[in-house]
Each structure stands twice: as structure tokens, then as C-alpha cells.
Amino acid sequence: MRHNKNKVKLNRTAAHRKALMRNMLTSLILEKKIKTTLPKAKALKSYADKFLCRVRPADLSAKRKAFSILMEKRAGKELFENVIPQLGDRKSGFIRIYHFGIRKGDAAKMALVHLILGEDTKSKTAAPKVKKEKVPKKKAEKPKPKAEIKEEKVEELAAVAGTGKAKAKEKPVDDSKK
């Protein structure tokens, strides 16, 4: 049974995992995007969503909680001055993960973790869609039937061999086999 097995351990002890998440969250707030491995990015996504939901009211309790988790004071100032006002009405899904390829050294799957701010928080239906002009496509030439292709090859072979069309096309027919 898998009762209470809801955390990704990342092959680390609890203290190491906690420090890793705090460091990555601090870097994410300061830099707005970080590059890491895919399992770490997926673990960070849930951690960051819960953190940002908790500190979003920006009251004294939220500020104390944020400063206790973040590793640098300037990350806390950045969070409350720039990040939280730009989150808008979004209730969750504050970060986005982009698959980034494979790391050359150990072939680990890499990901780019991006903090969603500003214009990304607007609903997709609010912006009018601009239709692209349709450019008429050129009609492709229809492929020639196989019979025509064979006739052309026979003509080419006849021209190369110096014989006429009639000789190249003539084939002896054996009626005795029918």
C-alpha cells in the first residue's frame, strides 16, 4: 500500500531535499527561470505552488513564512515587491516546465522552470485572435501513370541503343502456353 507516500525523494535525505527545494525556489524567484533536471523541476513545481499560495496575501504572517523559507533577504523583497503583484488572479499554476533536452554528461532529461508573471496571467479569450491571410497553394503536378513512365524509359533505352521504337517495344508472344 502507498499510504502517505506523496513526496518525490530524489535519492536524498529529508534535510538535503528541503535545502535543495529552498535553494531552487530562491533562485527561481530571483532569476524568474532556472534550468534543472526534469524530476527536480516536477518536485519544485508542487513546492513552489504551495509556497506562493501561502505567501500570496502578503500580510505579516505570510512575510514571516516567506523569509523563513527563502535563503536570501533580497529574494523575499523581490517576491513581495515584484512577483506577487504580477501574479494577478491566478489561484495556482504559478510555474511552467519546458522540456529542454538531454544533458551531455549523464544523459539526464533537462527542464527549464519558468515563473509565470504579467501577461501570461491574462485569459486566452481576452486577446483577440488575428487571422493569418491564406496564401493560395500552388497545385502540385499530378504524378504520371506508371504506363507513361514505362513508355518513356523504353523510348530512352531505344534511343541509346540506336534501335527504333518498334523494335524496342516488340516482344515475341508465345501463344502455345495459353
Side-chain angles (χ1 to χ4, degrees), residues 1-140:
M1 286 187 240
R2 54 174 311 275
H3 296 301
N4 293 327
K5 293 186 179 183
N6 55 3
K7 289 187 180 180
V8 179
K9 292 189 178 182
L10 302 172
N11 291 328
R12 288 166 170 78
T13 61
H16 188 186
R17 191 170 50 249
K18 182 179 176 183
L20 174 74
M21 289 297 128
R22 290 174 63 192
N23 278 322
M24 288 197 329
L25 182 63
T26 303
S27 297
L28 182 65
I29 289 170
L30 289 174
E31 303 296 325
K32 308 298 185 268
K33 60 184 173 183
I34 58 173
K35 187 171 134 182
T36 184
T37 61
L38 190 60
K40 286 181 193 175
K42 288 180 179 179
L44 178 65
K45 184 173 183 173
S46 66
Y47 187 80
D49 274 347
K50 290 173 188 173
F51 173 79
L52 290 171
C53 284
R54 174 108 188 233
V55 300
R56 189 154 184 211
D59 57 359
L60 183 62
S61 174
K63 288 182 181 181
R64 285 181 177 167
K65 184 65 178 175
F67 280 103
S68 70
I69 290 175
L70 297 174
M71 303 296 276
E72 296 181 21
K73 284 187 178 181
R74 67 185 178 111
K77 290 179 183 177
E78 176 74 19
L79 174 70
F80 289 106
E81 290 174 3
N82 297 330
V83 175
I84 289 181
Q86 292 182 3
L87 292 178
D89 296 333
R90 186 179 289 265
K91 294 183 180 179
S92 65
F94 301 111
I95 68 172
R96 187 174 289 149
I97 298 174
Y98 298 101
H99 292 254
F100 200 66
I102 296 174
R103 186 163 50 199
K104 192 173 182 180
D106 60 352
K109 293 181 180 178
M110 298 299 288
L112 185 73
V113 181
H114 184 259
L115 189 61
I116 300 173
L117 299 174
E119 295 176 10
D120 289 343
T121 59
K122 293 180 182 176
S123 66
K124 293 180 181 177
T125 57
K129 292 184 179 180
V130 178
K131 291 184 179 179
K132 294 181 181 178
E133 294 180 22
K134 291 186 179 180
V135 178
K137 294 182 180 178
K138 294 181 181 178
K139 291 185 179 179

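The side chain to side chain contact (heavy atoms under 4.5 Å, CB included) test applied to Thr36 returns Met24, Lys40, Ala41, Val113, not counting sequence neighbours. In terms of the side chain to side chain contact (heavy atoms under 4.5 Å, CB included) criterion, residue partners of Asp59 (sequence neighbours excluded) are, by chain and number, Pro57, Ser61, Ala62. For Arg12, the salt bridge (Lys or Arg N to Asp or Glu O under 4.0 Å) test picks out no residue, with sequence neighbours left out. Residues satisfying the side chain to side chain contact (heavy atoms under 4.5 Å, CB included) criterion with Ala66, sequence neighbours excluded, are Phe51, Val55, Leu79, Phe80. Asn6 is linked by a side-chain hydrogen bond (donor to acceptor under 3.5 Å, both in side chains) to nothing, counting only residues two or more places apart in sequence or in another chain. Contacts of Lys7 classified as side chain to side chain contact (heavy atoms under 4.5 Å, CB included), with partners at least two apart in sequence or in another chain: none.
Taken from NE2 in His114 to CZ in Arg96, the straight-line distance is 8.0 Å, to the nearest 0.5 Å. Of the inter-residue distances, the one linking Leu20 atom CG with Leu10 atom CG reads 6.5 Å to the nearest 0.5 angstrom. Taken to the nearest 0.5 Å, the OG atom of Ser68 stands 7.5 Å off from the CZ atom of Arg22. Taking CG of Leu25 as the reference point, atom CG of Leu30 lies at 9.5 Å (rounded to 0.5 Å). Note that NZ of Lys18 and NE2 of His16 are 14.0 Å apart. Values are rounded to the nearest 0.5 Å. Going from atom CD1 of Ile95 over to atom CD1 of Ile116 covers 8.0 Å, rounded to the nearest 0.5 Å.
Shown here for Ala75 and Ile29, the closest heavy-atom pair between the two residues is O-CG2, 3.5 Å. Minimum heavy-atom separation, Lys91 to Cys53: O-SG, 3.3 Å. Leu38 and Ala111 get closest at one heavy-atom pair: CD1-CB, 3.7 Å.
A salt bridge (charged side-chain N to carboxylate O under 4.0 Å, His left out) check over residues 72-84, counting only residues at least two apart or in different chains, returns the pairs Lys32-Glu78, Glu72-Arg74.
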Run the side chain to side chain contact (heavy atoms under 4.5 Å, CB included) check on Met110 and Thr37 step by step: do they pass? CA-CA 4 Å; Met110 298 299 288; Thr37 61; 4.0 Å; yes

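Within the 4.5 Å cutoff, no side-chain heavy atoms of Leu28 are placed close to those of Tyr47. With a 4.5 Å cut-off on side-chain heavy atoms, Leu112 and Ile97 do not count as touching.
Shown are Lys104, Lys109, Arg103; of these, the salt bridge (Lys or Arg N to Asp or Glu O under 4.0 Å) with Asp106 is made only by Arg103.
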